[in-house]
Protein chains: 2
Amino acid sequence: MISEKTISRLSLYHYLLTTLKEQEIEFVFSRQLANMANSTPAQVRRDLMVTGYEGNPKRGYTINELIVAIEEFMGLKEGVDMVLVGVGSLGRALLSYFYPQKPRYNIVAAFDKGSNSDRVVSGCRVYDIAELAPVLAGQRVTMGIVAVPAGAAQQVTTMLCEAGIHGILNFAPIRVKVPRNVYLENVDLAVTIEKIAWFANRAAGKKE
Amino acid sequence: MISEKTISRLSLYHYLLTTLKEQEIEFVFSRQLANMANSTPAQVRRDLMVTGYEGNPKRGYTINELIVAIEEFMGLKEGVDMVLVGVGSLGRALLSYFYPQKPRYNIVAAFDKGSNSDRVVSGCRVYDIAELAPVLAGQRVTMGIVAVPAGAAQQVTTMLCEAGIHGILNFAPIRVKVPRNVYLENVDLAVTIEKIAWFANRAAGKKE
DNA sequence: TTCACGCTGTGAAATCTTTAACAGCTAGGG
DNA sequence: CCCTAGCTGTTAAAGATTTCACAGCGTGAA
C-alpha cells in the first residue's frame, strides 16, 4: 500500500528534479535530494522504490530518467484539469496563480453564484453554479477546488461529487462529507496557523 | 510527546465547538465531534486527553468548558500576531481573508520589495523588506508568512529567523532551511494538487 | 434506592511510517 | 585486472499513531 505521504514526497522530488534539470545537472544522489526536501537519504530511496526506477551506485539517479519514472508512476504526463467553485478573493488568487504561469495545472471552468458569474477572470470563464452539471458533463475533469464560505461548502461539494468529480481540494473551514469513492483534502488556514503558533511558542522557549 | 496531528485536530475541535456553541448547544459526545471532524470517537477522546479536561459519561463534554480547556492548552486566549512577506496575488488574498473578518489572526505588518511597498493593503501597512528587522524589533510577533516567489523564499526566511521569528508558514514551492529552533510548515499547492489528482484517478477506478 | 445503559478514559494491540543496517554493485585507480 | 570507496535497494527494527476493548462511572427509570 502506498501512503499519502509517499505520494506527496514523490511530487516534491519531481519538482526538485525539474529544477536540477534546468541547471543542466545530470545525476543526483539520494543524499542531495533528501537535503533539498528536508528529508533523509533512506526516506528518499524508499520512496523511489515504488516507481520501480533504479539508480546507479556510482552515479546516483539519472535525472532525466527519474523524472520520467515519477511522471509515469504518478500519471503526470498530461497536466491536471480542475474546476473551481467560488470566485471570491481566494478563488481569484488561485486563478491568477495558475494562469498562465502554470500550464500543467489547468482550471478549465470556474463557478460562482449568479451575480458573480458570466465573466472571465484570469482567462477562465466563470459560470453560474447552476450550470455546474451541464458544463462538467462535456469535460473529463477529475478534480474540483472548493473556495466558497463554510455555509455553502457542503452543498457545493455534493454537487461536484454528483457531477462525477473524484478529488476535492477544500479550502472552507468545515469538514465536508464525500462518498467513499471521492478523495478529499482540506487546506484549513486557521488550523495551520494555530498549529504553527503552538510550535512557535514552544520553540521560542528552547535554546536559541 | 504530543504530535502535530493531535495539535491540528485540537484546533479543528475548537473551531467545531465554537460553531456548536453558536447554535446554543451545551453538550457534545465524542461520537458527534468525530462525525463533524471526519474522524473516530476513540481518536477524539485520545486527543482530548492531552488537555486534561474530562467529560461526563452521561452528558458527554460540556462545550463551554471544553472550549476553555482547549484554549488554555493551545494558548489561544489571545489571537495570533503574524507578519507577511510578499504582497503579490497570494499575499493580498491572505490580507483580505484575515481583515477584518478574522480578528483572532492579525497580520501586524506586511513587507515587499521597494516598488511594491509604502502603502496600505486591506488595512495592513506594507513596508520595504529592508525594514523587516527594525519593524519587528518593536513587536512581539512569533510567526511569519512567506508568500514570495521560490527564488526569494530562502533569503526572506533567513531574515525572518534572524529577526526572532519562531514559526514560518511557507507558500513558496521550495523547501527552505530554518534553524532547529524555528518551526516550519509548507503549504505547497502543486504538491497538494498532484496528490489529489493521483488519488482521484485511483478512486475513479473503484466502484461508483 | 437500585439497576441498566451507554458513555468516558486509558492500557494494550494493531497498524502505519521512518530509520537503521547491510549485501551487492559500479566506476575509477593502481 | 583487481581492489576500494561509497553508493543503491531492501529487509528488519524501531518508533509513531490509531484503533480496540473494557473497567468504571453518572444519570434516568423503576
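Residue numbers begin at 1 in each chain, while the letters A, B, ... track the order of the sequences.
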Side chains of A:Y15 and B:I174: does their closest heavy-atom pair fall under 4.5 Å?
yes

Just the rounded figure in Å: distance from P of D:dT10 to CG of A:L48.
12 Å

OP1 or OP2 of D:dA16 under 4.0 Å from side-chain N/O of B:S3
no

Between B:E54 (CD) and D:dC25 (C1'), how many Å, whole number?
11 Å

Answer with base, sugar-phosphate or nothing: what part of the nucleic acid does A:S30 contact at a heavy-atom distance below 4.0 Å?
sugar-phosphate

Given atom CZ of B:R9 and atom C1' of D:dT19, what is their separation to the nearest angstrom?
12 Å

For A:Y183 and A:E4, does a side-chain donor sit closer than 3.5 Å to a side-chain acceptor?
yes

Verify whether one side chain among B:Q23 and B:T19 offers a donor that lies under 3.5 Å from an acceptor in the other.
no

Neighbours of DNA chain C within residues 57-75 of chain A, by heavy-atom distance under 4.0 Å:
A:P57, A:K58

D:dT27 phosphate, OP1 or OP2: any side-chain N/O from B:N56 under 4.0 angstrom?
yes

Atom CD of B:Q43 and atom P of D:dA16 are separated, to the nearest Å, by 16 Å

Would you kindly check whether a donor in the side chain of A:R46 faces an acceptor in the base of D:dT10, or vice versa, at under 3.5 angstrom?
no

Can a donor-acceptor pair be found, under 3.5 Å and without considering hydrogens, that links the side chain of A:N64 to the backbone of A:E26?
no

Taking the side chain as C-beta and beyond, is there a heavy-atom pair between B:L94 and B:F171 under 4.5 Å?
yes

Could you give the CE-to-P distance, from B:M1 to D:dA16, as a whole number of Å?
9 Å

Counting only N and O atoms by type, is there a donor-acceptor contact under 3.5 Å from the side chain of A:N170 to the main-chain atoms of A:A172?
yes

Rounded distance (Å) that lies between atom P of D:dT10 and atom CE of A:M49
5 Å

Quick check against the 3.5 Å criterion: does A:N116 have a side-chain atom that pairs as donor or acceptor with the backbone of A:V87?
yes

Rounded to whole angstroms, how far apart are CG on B:L10 and P on D:dT17?
13 Å

Do B:R175 side-chain atoms and A:M36 backbone N/O form a donor-acceptor pair below 3.5 Å?
no

Over all strands shown, is B:F27 touching base, sugar-phosphate only, or nothing at heavy-atom distances under 4.0 angstrom?
nothing

Strand contacts (DNA chain C) in residues 190-199 of chain A, 4.0 angstrom heavy-atom criterion
none

Ignoring hydrogens, what is the shortest heavy-atom contact between A:A109 and A:V135? Give both atom names and the distance.
CB-CG1, 4.3 Å

Please check if the side chain of A:K177 supplies one atom and the backbone of B:N35 the other of a donor-acceptor pair under 3.5 Å.
yes

What is the 5' to 3' range of DNA chain C, first to last nucleotide, that sits under 4.0 Å from any heavy atom of chain A?
C:dT17 to C:dA27

Output the rounded distance in Å from CD1 (B:I2) to C1' (D:dT17).
14 Å

Indicate yes or no for a side-chain donor-acceptor contact from A:Q32 to the backbone of A:F29 under 3.5 Å, with no hydrogens or angles considered.
yes

Residues A:E65 and A:Y53: closest non-hydrogen pair is OE1-OH, 2.8 Å

